[in-house]
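Everything on this sheet refers to the single structure shown next.
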Amino acid sequence: MTVYLRKFLNNSFLILFFFLMLAAPHAVYSIEAVKASNEGKVNSVSFGKGYTFLNVELSDGTSLDLATANANSSLKVGATVHWRNARKASQYLRQSDGKTYPDLYIVELINNVQLSGVVLSIQTVADDIYIAVNTKQKEHMLIINKRLLPNKLSKGQHIKWTFTPNTLESNKNSTRVESIEIVHKKNK
């Protein structure tokens, strides 16, 4: 009985090892933060066995290669994507076409993003309120229907909001939000 069990365990290890080598024979995986950003504009989209491969441009002009298993099928060039849980794979060979990525980040795309920042200015136009907000990374223009804003906003307040990133090609510099929460009355 123990001889059979020993053979089974030895074969199980070989099967697992074989599977790992078959899945990514040339990749070296490591956990590494993807610079300071987790947002980028899609430059190219391609598909491979179970993954969507993206080349994205970061706000500083550099580009990264990403792979994700949870991409929306309507993802287009020009869309802004957000991601988390990046794992770096060095010298990753995509077996479907033989392309090698020197540095490929395997990520999880985020459908809802929560940001916070300080209100810079507020302007009402018809039924919408336009709010310029400064976060640590950049300035955002938020649009919210005035019926959805329960409290009066003023310049200097710290607010947070949740939005769904635009997955369609767009040149908009603004984001429509459904709710805004005031975190602090005034920024000191």
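Hydrogens, waters and symmetry mates play no part in the numbers below; they use all other heavy atoms, side chains included.
The minimum heavy-atom distance between Gly117 and His158, with the atom names listed, is O-CD2, 3.2 Å. Minimum interatomic distance between Val45 and Phe47 (heavy atoms only, all atoms of both residues): CG1-CZ, 3.8 Å. Closest non-hydrogen pair, Asn43 versus Val56, comes out as ND2-C, 3.9 Å. Nearest heavy atom pair, residue Arg94 against residue Tyr101, reads NH1-OH, 3.1 Å. Among all heavy-atom pairs drawn from Val42 and Leu75, the shortest one is CG2-CD1, 4.5 Å. Of all non-hydrogen atoms in Thr135 and His140, the two that sit nearest each other are CG2-CD2, 3.5 Å.
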Item to check | Chi angles and distances behind the side chain to side chain contact (heavy atoms under 4.5 Å, CB included) call for Thr80, Glu39 | outcome: CA-CA 7 Å; Thr80 299; Glu39 174 184 334; 3.7 Å; yes
Checklist entry - What do the steps show when you test Leu142 against Ile159 for side chain to side chain contact (heavy atoms under 4.5 Å, CB included), and what is the final call? => result CA-CA 11 Å; Leu142 307 180; Ile159 62 171; 4.1 Å; yes
Next on the checklist: With side chain to side chain contact (heavy atoms under 4.5 Å, CB included) as the criterion, how do Thr100 and Gln91 come out once you've worked through the C-alpha distance, each side chain's angles and the decisive distance to 0.1 Å?
Outcome noted: CA-CA 6 Å; Thr100 300; Gln91 299 303 319; 3.6 Å; yes
Checklist entry - Yes or no on side chain to side chain contact (heavy atoms under 4.5 Å, CB included) for Val177 and Ile143, after CA distance, side-chain angles and deciding distance? => result CA-CA 6 Å; Val177 296; Ile143 305 169; over 6 Å; no
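To the nearest 0.5 Å, atoms NZ (Lys41) and OG (Ser63) are separated by 13.0 Å. Atoms CG and OG, on Leu148 and Ser179 in that order, are 8.5 Å from each other to the nearest 0.5 Å. In this structure, CH2 on Trp161 lies 9.0 Å from CD1 on Ile131, to the nearest 0.5 angstrom. Taking CD1 from Ile144 and OH from Tyr130, the interatomic distance works out to 12.5 Å, rounded to the nearest 0.5 Å. The distance from the CG atom of Asp103 to the NZ atom of Lys88 is 4.0 Å, given to the nearest 0.5 Å. Residue Leu104 holds its CG atom at 10.0 Å from CZ of Arg87, rounded to the nearest 0.5 Å.
Looking at heavy atoms from C-beta onward, Asn55 lies out of side-chain contact with Leu64 at the 4.5 angstrom threshold. Contact annotation: the side chain of Ile129 never approaches that of Leu153 to less than 4.5 Å [non-hydrogen atoms, C-beta and beyond].
With hydrogens and angles ignored, the 3.5 Å screen pairs a side-chain donor or acceptor of Asn70 with a backbone N or O of Leu109.
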